[in-house]
Amino acid sequence: MRIPLVILLCSAFPVLADTTIIGHPGLPPLDSTTLQRIYTGKVVEVDGVRVTPVNLSPGSELRARFLRDYLGQDEDKYTGYWTVRRYVGKGTPPRELSSPEEVSRFIAKTAGAIGYIDETELTPDVRVLLRKAP
């Protein structure tokens with residue numbers, strides 16, 4: 001009786017792949033340091049192309065994984081960082097979109113756009129810029 005229950009419970013939760021950094025096809029691959037500098041507002045151009053980073057909304061599991069795996073931060077630390085930065089006039093945080101599908105669409109049609117999605121949601125109209133090493 002317990003084995004079928006365990007199987008049923010496991011199948012009720014979505015399987016999450018790795019968080020993948022994607023960008024408009026015109027952007028070059030990125031390294032971790034450049035990605036961190038983009039998402040903290042310290043880099044606004046890559047190879048002469050102005051970058052437009054986007055985030056998922058706070059509370060998203062994918063956003064939490066991105067912040068942890070790529071920026072080494074949690075939601076409170078990242079929000080606090082941008083609160084101070086905005087207060088002292090050093091920029092605004094990346095635009096927030098409501099779903100990975102919206103992120104993909106925005107990136108596909110916006111030159112210089114960069115974001116993240118679950119690897120299982122990759123589409124051919126965006127370019128993979130960075131994957132976390134296993």
Side-chain angles (χ1 to χ4, degrees):
M1 179 67 179
R2 289 186 181 179
I3 292 175
L5 181 60
V6 169
I7 292 172
L8 180 63
L9 286 174
C10 290
S11 66
F13 297 104
V15 175
L16 299 174
D18 289 331
T19 306
T20 302
I21 308 306
I22 60 171
H24 190 269
L27 287 173
L30 300 174
D31 59 44
S32 296
T33 301
T34 302
L35 178 73
Q36 289 171 354
R37 293 179 58 78
I38 289 169
Y39 272 87
T40 55
K42 296 175 183 171
V43 166
V44 296
E45 233 179 61
V46 175
D47 287 352
V49 177
R50 184 160 182 83
V51 291
T52 305
V54 294
N55 261 327
L56 287 169
S57 301
S60 159
E61 172 58 32
L62 187 54
R63 177 176 166 137
R65 280 193 289 150
F66 167 74
L67 291 174
R68 180 189 66 233
D69 295 346
Y70 287 95
L71 302 186
Q73 298 184 9
D74 61 20
E75 187 64 47
D76 290 339
K77 186 174 179 182
Y78 187 70
T79 302
Y81 170 84
W82 275 109
T83 300
V84 169
R85 202 156 163 89
R86 186 183 307 163
Y87 180 76
V88 297
K90 297 231 178 191
T92 57
R95 179 177 174 179
E96 293 175 354
L97 302 175
S98 61
S99 71
E101 296 81 17
E102 190 176 352
V103 168
S104 290
R105 282 193 305 272
F106 179 82
I107 288 171
K109 70 177 185 172
T110 308
I114 179 175
Y116 50 90
I117 59 172
D118 195 275
E119 188 171 28
T120 60
E121 298 172 332
L122 279 174
T123 60
D125 51 348
V126 297
R127 179 175 187 184
V128 173
L129 302 180
L130 181 64
R131 282 190 170 112
K132 197 72 172 166

Practice item. Might you work through the side-chain contact (heavy atoms from CB on, under 4.5 Å) test for Leu97 and Arg95, ending with a clear yes or no? Key: CA-CA 7 Å; Leu97 302 175; Arg95 179 177 174 179; 3.7 Å; yes
Practice item. Check step by step if side-chain contact (heavy atoms from CB on, under 4.5 Å) holds for Thr110 and Val54. Key: CA-CA 11 Å; Thr110 308; Val54 294; over 6 Å; no
Practice item. Apply the test side-chain contact (heavy atoms from CB on, under 4.5 Å) to residues Ile114 and Leu30: give CA-CA distance (whole Å), side-chain angles for both, the deciding distance (0.1 Å), then the verdict. Key: CA-CA 10 Å; Ile114 179 175; Leu30 300 174; 3.1 Å; yes
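Taking all atoms of both residues into account, the shortest heavy-atom contact from Arg63 to Asn55 is NH1-CB, 3.7 Å. Among all heavy-atom pairs drawn from Pro94 and Pro53, the shortest one is CB-O, 3.4 Å. Across every non-hydrogen atom of Gly91 and Trp82, the tightest pair is C-CZ3, 3.9 Å. Among all heavy-atom pairs drawn from Leu62 and Pro100, the shortest one is CD2-CG, 4.1 Å. When all heavy atoms are compared, the tightest approach of Leu27 to Leu129 is O-CD2, 3.7 Å. Arg127 approaches Pro29 most closely through the heavy-atom pair NH2-CD, 3.4 Å.
Clustering of Ile, Leu, Val, Met, Phe, Trp and Tyr by side-chain heavy atoms under 4.5 Å joins Tyr87 with Val88.
Classification of the Tyr81-Tyr78 ring pair by plane angle, with boundaries at 30° and 60°, yields parallel.
Checking Thr20, Leu56, Val103 one by one against Tyr116, the side-chain contact (heavy atoms from CB on, under 4.5 Å) holds for a single residue, Leu56. When each of Glu61, Arg131, Arg65 is tested with Thr19 by the rule side-chain contact (heavy atoms from CB on, under 4.5 Å), just one qualifies, namely Arg65.
To the nearest 0.5 angstrom, Asp118 atom CG is 8.0 Å from Asp18 atom CG. The NZ atom of Lys42 sits 11.5 Å away from atom OG1 of Thr33, with the distance rounded to the nearest 0.5 Å. Asp125 contributes atom CG, which lies 12.0 Å from atom NZ of Lys109 (distance to the nearest 0.5 angstrom). Taking CD of Glu121 as the start and OG of Ser99 as the end, the distance is 8.5 Å to the nearest 0.5 Å. Separation of atoms CG (Leu67) and NZ (Lys77) is listed at 11.0 Å; rounding is to 0.5 Å.
Taking 4.5 Å as the limit, every side-chain heavy atom of Thr79 sits out of range of all side-chain heavy atoms of Pro58.
Residues Val46 and Val44 are members of separate hydrophobic clusters, defined by side-chain heavy-atom contacts under 4.5 angstrom among Ile, Leu, Val, Met, Phe, Trp and Tyr.
Sorted pairs that involve residues 45-54 and meet side chain to side chain donor-acceptor pair (under 3.5 Å), not counting sequence neighbours, are lacking altogether.
Scored by the ring-ring contact (aromatic ring centres under 6.0 Å, His included) test, Tyr39 finds Phe66 as partners (sequence neighbours excluded).
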